[in-house]
There are 2 protein chains.
Amino acid sequence: MTHHLFVTQGNSDIPRWREAFPLARDCRPAMARAQAGKDDHVWVMSNVDDWGVLVNNLSRRGAIVAVLSYTPDSEEALQALACGARGYAHALSSPESLRQIQLVISNQGIWVLPELMAKVVGSTFRALGGESRVHEDTLAALTARERAVALSVAAGNSNKRVARELDITERTVKAHLGAVFRKLQVRDRMQLILMLSRQPVTEDLERDD
Amino acid sequence: MTHHLFVTQGNSDIPRWREAFPLARDCRPAMARAQAGKDDHVWVMSNVDDWGVLVNNLSRRGAIVAVLSYTPDSEEALQALACGARGYAHALSSPESLRQIQLVISNQGIWVLPELMAKVVGSTFRALGGESRVHEDTLAALTARERAVALSVAAGNSNKRVARELDITERTVKAHLGAVFRKLQVRDRMQLILMLSRQPVTEDLERDD
DNA sequence: ACTCACCCTGTCCTTCGGTCCAATACCCCG
DNA sequence: CGGGGTATTGGACCGAAGGACAGGGTGAGT
C-alpha cells in the first residue's frame, strides 16, 4: 500500500494533520527520503532544511508531494512547484482543506492558495515571453475605436487628452470608454489600467461599499 | 442548481463529453456568456473565436472553467490559466479523465497535462530572478501612512474604500495622497498606478492641455 | 428598403478626485 | 520649552469622470 508521510524538521507539533489523516506518520527528512516511493503521499514543511531538494527527490521518484508553509508566498509556491510539488498551502489549513488538497493532487491536479494562483500564473506567463498575449485577447473583444481609447487611457491619459489624440470629442471618448468598461467588466479607468498592465487585481469587482 | 456547459464553435461533434457528463448541455460562446454564472462548470474548446476573452469573462464571474484543445501546447495552457481557466487538457481525453479533471478543478485545484506542467513551471522558476523590487525604492521616500495609502490606491481602490480600509476619513486619504503625488512627482492616481505597476515610466508626464 | 453595428455628438446630472486654506494633536530633538 | 515633522480632520471649490437619455451619420448584409 501507499505510505502517507508528514515531513517536519524537529519536534514541531503536527498541527491538524493528525486530524485530517489519522493513518499518516510523521518523520524527519532523512526518513522520508529513505521510505517514500511511487504514489506515496508526502507533506513537507517549508521550514525543513533543503526542502526543495527533498521535494525534488521525492517527486522524481513518483511520490505525490505537497508543501506546507507557515508563511506562504508566491515565490515559495513557485519554487515548490518547480521542484515537483503538486500542492502548496498554509501549514495551518483546516483538516477539510488538507483532505481536499489531497483529493486534488492525488488526481493529477495542482493545488495552490487561490490568491497565489493569479500571481504564480501571471509571473509564469511573463517569464515565458508570452508577455502581452492576454491583452490582445481581452482587447480583441473591442472595436477598433474602443481599443484605441482603451489603450490611450491605459497609458494614463485623461479623457480630454485622448480626445485630442484621436481628434474626437471628449464626449465620444466617454462613450467608447463606457463600452470598454462594459465589455471588459471593469468599473473605472483604474481597473482598466490594472487589467491592461496586469496581474494583481486581487479580488475586485463588486462592492465598493 | 449549477449549469454544466460545453462551449464549441460550430457544429463540431461533441467527442466524449456527452458520455462523461450526460447532464451537460453544449452551446455557442454567446450563449455561455449569457448563461454561465457563479459556480457553473464550463468547458471551452480552444478553437472557438476569442476563447481567451470568453474564459476571462466566465471565470471572472465565478464560473469554473476548463479549456480543451485538439492541439495542446504549453503556451496555450499558460494562456488558458492566465485567463482564469482552472483546467487545460486534450479535447479527446477519455470520459474518465474528464471526470477526474472536473473533480480536481471543482475542488479549487488546477489541472494541466502533466508533461506541460514540468515545462511551464520549470522554465518559469529560472527566469524569475528578481521580480518587483522597484517599488521599495520609490516607496522609501514615503511615510508609513502615505505608503499604505499609495499601495491601496495602486490596487485600484477608491479614496472612500481606502478610508474604510485604514479606518480614517476620506479627507485624510486625500491629504496623504496629495503628499504622495508631490513626493513621487505624479499628477494623479493613474500615474501612480503606472509608476507602481511597471518600471519604465520614461514618458513625459507634463502637459495635459 | 431595412436592420444592425459602429462611430460621433449633445445635454443633464451625480459622484469622485485634487487642491487651497486652515486647525488640532502627538512625538522627537535641540 | 519651542520648533519641525507626521497624522488627522474640516470646509470650500472646481474640474474630471461616468451614467442616463437622445439623437445623427455611415456601410454591410438580408
Side-chain angles (χ1 to χ4, degrees), chain A residues 138-197 204-209, chain B residues 28-31 33-34 49-50 53 138-197 205-209:
Chain A
T138 51
L139 290 177
L142 309 178
T143 68
R145 221 47 174 159
E146 289 163 353
R147 190 159 34 239
V149 171
L151 287 175
S152 183
V153 164
N157 294 326
S158 66
N159 287 344
K160 192 179 300 187
R161 195 165 169 65
V162 175
R164 263 199 310 279
E165 213 169 76
L166 301 181
D167 196 35
I168 54 180
T169 325
E170 188 176 345
R171 182 60 194 80
T172 309
V173 173
K174 288 186 180 181
H176 288 310
L177 204 43
V180 171
F181 292 159
R182 257 185 296 104
K183 292 185 180 178
L184 300 190
Q185 313 243 299
V186 296
R187 255 198 324 280
D188 52 36
R189 61 211 297 115
M190 295 304 137
Q191 303 200 331
L192 212 211
I193 294 183
L194 289 173
M195 171 172 278
L196 294 185
S197 59
D204 54 299
L205 308 201
E206 333 308 327
R207 294 301 69 172
D208 193 16
D209 57 346
Chain B
R28 301 292 152 273
M31 202 186 311
R33 207 182 293 265
D49 293 336
D50 294 331
V53 179
T138 54
L139 291 178
L142 308 179
T143 68
R145 218 50 175 159
E146 289 163 353
R147 189 160 35 239
V149 172
L151 287 175
S152 184
V153 165
N157 295 325
S158 66
N159 287 343
K160 190 179 302 185
R161 197 160 169 58
V162 175
R164 265 199 308 278
E165 213 169 76
L166 303 182
D167 196 36
I168 53 180
T169 319
E170 187 176 347
R171 186 60 197 74
T172 310
V173 173
K174 287 187 178 182
H176 288 310
L177 205 42
V180 171
F181 292 158
R182 255 187 298 104
K183 293 185 181 178
L184 300 190
Q185 310 248 296
V186 295
R187 227 174 319 100
D188 52 38
R189 63 207 298 110
M190 281 187 292
Q191 303 199 330
L192 211 209
I193 291 185
L194 291 173
M195 169 171 282
L196 293 185
S197 60
L205 311 193
E206 328 311 324
R207 280 293 79 135
D208 193 16
D209 57 346

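Numbered from 1 within each chain, the chains take letters A, B, ... in sequence-line order. Since we're looking at a predicted model, the values are computed, not measured.
Following rounding to the nearest Å, A:Leu142 (CG) and C:dC6 (P) show an atom-to-atom distance of 10 Å. Between the CG atom of A:Asp167 and the P atom of C:dC8 there is a distance of 9 Å, given to the nearest Å. The nearest whole Å value for the distance from the CZ atom in A:Arg182 to the C1' atom in C:dC6 is 12 Å. Straight-line distance from the CD atom of B:Glu170 to the P atom of C:dG17: 7 Å, rounded to whole Å. To the nearest angstrom, C1' of D:dG18 lies 14 Å from CD of A:Gln191. Summarising the geometry, the separation between NZ on B:Lys160 and C1' on C:dG18 is reported as 16 Å, rounded to the nearest angstrom. The distance from atom NZ of A:Lys183 to atom P of C:dA5 is 10 Å, rounded to the nearest whole Å. Rounded to an integer number of Å, the gap from CG of B:Leu177 to C1' of C:dC20 is 16 Å.
Among A:Arg189, A:Lys174, A:His176, the single residue meeting the side chain to side chain donor-acceptor pair (under 3.5 Å) criterion with A:Asn159 is A:Arg189.
Between B:Arg187 and C:dG18 there is no side-chain N or O to OP1 or OP2 distance below 4.0 Å. A sub-4.0 Å separation between OP1 or OP2 of C:dA5 and a side-chain N or O of A:Thr143 is absent. Taking 4.0 angstrom as the limit, A:Thr169 places a side-chain polar atom (N or O) nearer than this to OP1 or OP2 of C:dG10. A:Asn159 has a side-chain polar atom (N or O) that falls below the 4.0 Å cut-off from OP1 or OP2 of D:dA17.
A pairwise comparison of heavy atoms in B:Val186 and B:Met195 identifies CG1-CE, 4.1 Å as the closest pair. Among all heavy-atom pairs drawn from B:Leu196 and B:Ala150, the shortest one is CD1-O, 4.2 Å. Contact detail for A:Glu146 and A:Ala179: the closest heavy-atom pair is OE2-CB, 3.2 Å.
The A:Lys174 side chain lies nearest to D:dA17 when the options are D:dA7, D:dA17, C:dG18. Distances were taken from every side-chain heavy atom of A:Arg145 (C-beta onward) to each of C:dC7, D:dT9, D:dG19; the shortest belongs to C:dC7.
Remark: the backbone N or O of B:Thr172 is not paired with any side-chain donor or acceptor of B:Thr169 at under 3.5 angstrom. In this structure, the side chain of B:Asn157 does not engage the main chain of B:Val162 through any donor-acceptor pair within 3.5 Å.
Residue contacts for A:Ala175: at a heavy-atom cut-off of 4.0 Å it reaches a base atom on one of the strands shown. If you check every strand for non-hydrogen atoms under 4.0 Å, B:Thr172 touches a base.
Interatomic distance, B:Leu184 CG to B:Arg182 CZ, rounded to the nearest 0.5 Å: 10.5 Å. The structure places CG of A:Leu194 at 4.5 Å from CD1 of B:Ile193, a figure rounded to the nearest 0.5 Å.
With hydrogens and angles ignored, no donor-acceptor pair closer than 3.5 Å exists between the side chain of A:Arg189 and the base of D:dG18. A donor and an acceptor atom sit less than 3.5 Å apart, one in the side chain of A:Arg171 and one in the base of C:dT11.
Projected onto DNA chain D by closest heavy-atom contact, B:His176 and A:Met190 fall at different nucleotides, the more 5' of which corresponds to B:His176.
Using five terminal pairs a side, the axes of the helix from C:dA1-D:dT30 to C:dG30-D:dC1 at its two ends make an angle of 30°, given in steps of 10 degrees.
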